[in-house]
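Written out below as structure tokens is the structure these notes cover.
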Number of protein chains: 2
Amino acid sequence: MTTLSRDVVVDVALRMVEEDGVEQLSMRKLAAELGVAVTSIYWHVGNRDALLDALVEREIADMHTIRPTGKTADARLLSIARTVHKRLRARPHVIALVNERGLAPVLLLPAQAALARELDAAGIKGSEAAFAVRSILYQVIGYAVLERWTERSPAKQMSGEDLWGQGEPPGPAETFEFATKTLVAAVLLG
Amino acid sequence: MTTLSRDVVVDVALRMVEEDGVEQLSMRKLAAELGVAVTSIYWHVGNRDALLDALVEREIADMHTIRPTGKTADARLLSIARTVHKRLRARPHVIALVNERGLAPVLLLPAQAALARELDAAGIKGSEAAFAVRSILYQVIGYAVLERWTERSPAKQMSGEDLWGQGEPPGPAETFEFATKTLVAAVLLG
DNA sequence: ACCTGAACACCGTTCAAGT
DNA sequence: ACCTGAACACCGTTCAAGT
């Protein structure tokens, strides 16, 4: 029985949101989960809206921990793309919340800056770099969204043999790897 | 004072959802808007969940009206990409609803089939076609999501001069046009 | 076949009251 | 400084009752 604090409230709320979705998070259920009166929560986090804001802030803070790894330019760009992809997929409900609140640009700012830095080091600058950054981020987002789609309805895959014979197409994970590598290579060639 | 029917209920619900978001649609507000008792709605649409399902179904039906235009292969592929992009952006709240319900693959099936058909006519088949279809759709989705992001917080654009000097980068619309043209051309080259 | 009001269980939030 | 229960306005849904 840990004592109540803003942090544990946010912790438990985050878990509940990622398990059942935002609309399933009620202040009363959260209070029950915490073993506390509903109104105690209000003292620590203000209200429901402020609580959701706290989840968003935590996610944004987490994005600032992105560190490129690898020695070559393409390895470093690829590592950024992979990390963003992984984070977007890890907490989709909170990401949706960030989106609804119009804070997605803020969320992606660190990744954007990291990509721009690596491109600059590779000699790609100006509008060419701007285009490259967008291309990579847009693709990462498209995959993060669509992979969830295809996974959740396995019967209706985005690519069925009914459409092009050929047997099993590669899974979303391999497709992401291949497409991102291709894109990064193309971007580095100018 | 039109008589109540399933269709007008769905019409008004759709308008309210796109204006204020799903969470702002309450059965009671909808009833007030329709000038009718709350419980009347239940007779026509079942319940709130079934009503949201009806919005999703309407959106999916709308996607079946996609018709490629143009004579060359790249013009026809581009027209499909543009149409999907436009529809995704026209009703973002309903699209989010489609996504939450795991019906996005169903939503995109017509577009996917249309793309595959055009590629086939251009001599691109099998896994190569599967990859091309995914690439185009993922990019369209990434743009549809991110354009809304960048538009809603103009102060925090995805590309600031602070990052690469150069003055104003091209807007999202031009970037989408350019990126999609580039991608389609690349895909057609194999 | 269609519409209604009453009723129930739930919700977010405020506030006065406790320690 | 922190927690509580009572109270208020709202919500989705059911149901018996009307026409």
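We name chains A, B, ... by the order of the sequence lines, and we start the count at 1 in each one. None of these values were measured; they are calculated from a predicted model.
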* Asked: Hey, where does DNA chain D pair up into stems, meaning at least three consecutive Watson-Crick or G-U pairs with distances under 3.5 Å?
  ->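 Expected stems, ordered by start: C:4-8 with D:12-16, C:12-16 with D:4-8.
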
* Asked: Does a donor on one side chain sit under 3.5 Å from an acceptor on the other, for T65(B) and R87(B)?
  ->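 A donor-acceptor contact under 3.5 Å links the two side chains.
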
* Is there a donor-acceptor contact under 3.5 Å linking the side chains of D74(B) and T72(B)? ->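 A donor-acceptor contact under 3.5 Å links the two side chains.
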
Can you tell me how far [atom2] of [N] sits from [atom1] of [X], to the nearest Å?
| X | N | atom1 | atom2 | answer |
| --- | --- | --- | --- | --- |
| L34(A) | dC3(D) | CG | P | 10 Å |
| D49(A) | dC11(C) | CG | C1' | 15 Å |
| D7(A) | dC2(D) | CG | P | 13 Å |
| L4(A) | dC2(D) | CG | C1' | 9 Å |

* Quick one, which residues of residues 18-30 of chain A touch DNA chain C with a heavy atom under 4.0 Å? ->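 Of all residues in residues 18-30 of chain A, the ones placing a heavy atom under 4.0 Å from DNA chain C are L25(A), S26(A), M27(A), R28(A), K29(A).
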
* To do: With a 4.0 Å heavy-atom cut-off, tell me which residues in residues 37-47 of chain B come close to DNA chain D, sorted by residue number.
  =>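 The stretch gives V38(B), T39(B), Y42(B), N47(B) as the residues lying under 4.0 Å from the strand, ordered by number.
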
* In a check of salt bridge (charged side-chain N to carboxylate O under 4.0 Å, His left out) between E118(B) and each of R67(B), R76(B), K125(B), which one passes? ->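 Running salt bridge (charged side-chain N to carboxylate O under 4.0 Å, His left out) over R67(B), R76(B), K125(B) with E118(B) returns exactly one hit, R76(B).
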
* **Qualifying residue, where the test is salt bridge (charged side-chain N to carboxylate O under 4.0 Å, His left out) with R91(A) and the options are E59(A), E19(A), E18(A)** =>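 So the option named by the test is E59(A).
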
* Answer yes or no: is there an ion pair linking R58(B) with D11(B), defined by an N-O contact shorter than 4.0 Å? =>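 Yes, charged N to carboxylate O under 4.0 Å.
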
* May I ask you to say whether D20(A) pairs ionically with K29(A), meaning some side-chain N is under 4.0 Å from a carboxylate O? =>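 No salt bridge links D20(A) with K29(A).
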
With a 4.5 Å limit on heavy-atom distance, are the side chains of [X] and [Y] in contact?
| X | Y | result |
| --- | --- | --- |
| L25(A) | L52(A) | yes |
| R15(B) | E33(B) | yes |
| M63(B) | L88(B) | yes |

* Aromatic contact, Y138(B) with F176(A) (centres under 6.0 Å) ->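 Between Y138(B) and F176(A), the centre distance exceeds or equals 6.0 Å.
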
